[in-house]
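Just below is one structure, and these are the notes that go with it.
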Amino acid sequence: QETEQIFSKKYSNDKIQIKVNFDTKKIIYPKEIIKGDETTCNFSHPENFVVLECVNRLLDKGYKAEHIQLEPLYKLGHNSKSSGKADILVKNQTGEKTYIFIECKTFGSEFNKEWNNMKNDGGQLFSYFQQDKNAKFLCLYTSNFDEQNSEIDYKNQVINVNKANYKIANNVPELFNIWKNFYKYESSAGIFEKDINAYA
């Protein structure tokens with residue numbers, strides 16, 4: 001439904017709702033979605049709208065709101081002294097373990113830049129995976145409004161890390177080298193396609 005200031009959308013038999021308040025420039029996620037902080041809950045960065053659109057796609061796909069976390073904090077780098085926040089973390093069907101790490105970037109150069117970063121050293125996603133090997137997928141995600149067709153296009157690079165070779169790695173460089181040398185930068189579909197079910 002729409003008013004002059006607020007757009008809202010309901011999911012899961014009207015039990016879950018996202019609101020976007022254009023007057024206050026706030027994105028209001030349902031309480032079931034765990035937020036590390038409120039950084040992505042406003043209009044201050046274009047990337048926040050990519051996060052919003054991705055969360056919407058996850059909920060439409062059938063992932064439960066209580067299994068979605070925004071910006072959980074993780075250590076980054078070889079010495080683990082710096083920290084970073086994963087944009088989106090999705091838990092598995094029981095809610096006990098991490099299922100997907102998603103890094104969101106704005107469409108075009110920022111997405112391409114991060115994909116190149118990943119192919120150089122694994123980027124942030126492999127740093128998150130090193131700290132939580134329960135994850136099955138790493139996903140670099142972007143979306144954009146196609147004015148010509150009046151629809152939202154999305155693009156993602158999905159790395160299936162649910163393979164034995166990754167489990168033997170002891171650190172991020174080893175994870176990256178497995179992806180680079182053994183899997184030849186392999187990425188594929190596997191999360192948002194119409195024929196893929198949630199938690200598949």
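Keep in mind that this is a model prediction, so the values were computed, not measured.
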message: Working note: Val55 + Leu70, criterion side-chain contact (heavy atoms from CB on, under 4.5 Å); need CA distance, chi angles, decisive distance, verdict.
response: CA-CA 9 Å; Val55 171; Leu70 301 182; 3.8 Å; yes
task: Describe, in one word, how the ring planes of Phe101 and Tyr128 are oriented to each other, choosing from parallel (under 30°), tilted (30 to 60°) and perpendicular (over 60°).
output: tilted
- prompt: Do Ile100 and Ile196 belong to the same hydrophobic cluster, where Ile, Leu, Val, Met, Phe, Trp and Tyr are linked whenever their side-chain heavy atoms lie under 4.5 Å apart, directly or via other members?
  reply: no
query: Mind checking whether Ile88 and Phe107 sit in one hydrophobic cluster, side chains of I, L, V, M, F, W, Y counted as touching below 4.5 Å?
result: no
task: Mind checking the OH-CD1 spacing from Tyr63 to Ile68? Nearest 0.5 Å is all I need.
output: 9.5 Å
Lys113 NZ: over 12 foreign heavy atoms closer than 6.0 Å: no
- prompt: When hydrophobic residues are tied together by side-chain contacts of less than 4.5 Å, even through go-betweens, does Phe22 share a cluster with Ile27?
  reply: yes
- prompt: Do the ring planes of Phe126 and Trp179 sit parallel (below 30°), tilted (30 to 60°) or perpendicular (above 60°)?
  reply: tilted
task: Give the other cluster members for Ile152, using side-chain heavy-atom distances under 4.5 Å between Ile, Leu, Val, Met, Phe, Trp and Tyr residues; answer none if it is isolated.
output: Phe145
- prompt: Going through the distances and angles, do Asn134 and Asp132 end up as a side chain to side chain donor-acceptor pair (under 3.5 Å)?
  reply: CA-CA 5 Å; Asn134 290 312; Asp132 191 344; 3.2 Å; yes
message: One pair to check against side-chain contact (heavy atoms from CB on, under 4.5 Å): Glu96 and Lys91. What are the steps and the verdict?
response: CA-CA 7 Å; Glu96 296 173 349; Lys91 293 286 189 177; over 6 Å; no
In one Ile/Leu/Val/Met/Phe/Trp/Tyr side-chain cluster, 4.5 Å: Tyr199, Ile16: yes
Whether Tyr154 and Tyr141 hold their rings parallel, tilted or perpendicular, with breakpoints at 30° and 60°: parallel
- prompt: What about Phe43 and Phe49, are their ring centers closer than 6.0 Å?
  reply: yes
task: Check each of Asp87, Asn117, Leu140, Ile102 against Leu125 using the side-chain contact (heavy atoms from CB on, under 4.5 Å) test, and report the only one that passes.
output: Leu140
query: Are Ile34 and Leu89 connected in the hydrophobic side-chain network, where two residues link if heavy atoms are under 4.5 Å apart?
result: no
task: Please answer whether the main-chain N or O of Lys19 pairs with a side-chain N or O of Lys26 as donor and acceptor at a distance below 3.5 Å.
output: no
- prompt: Side chains of Tyr11 and Pro30: does their closest heavy-atom pair fall under 4.5 Å?
  reply: no
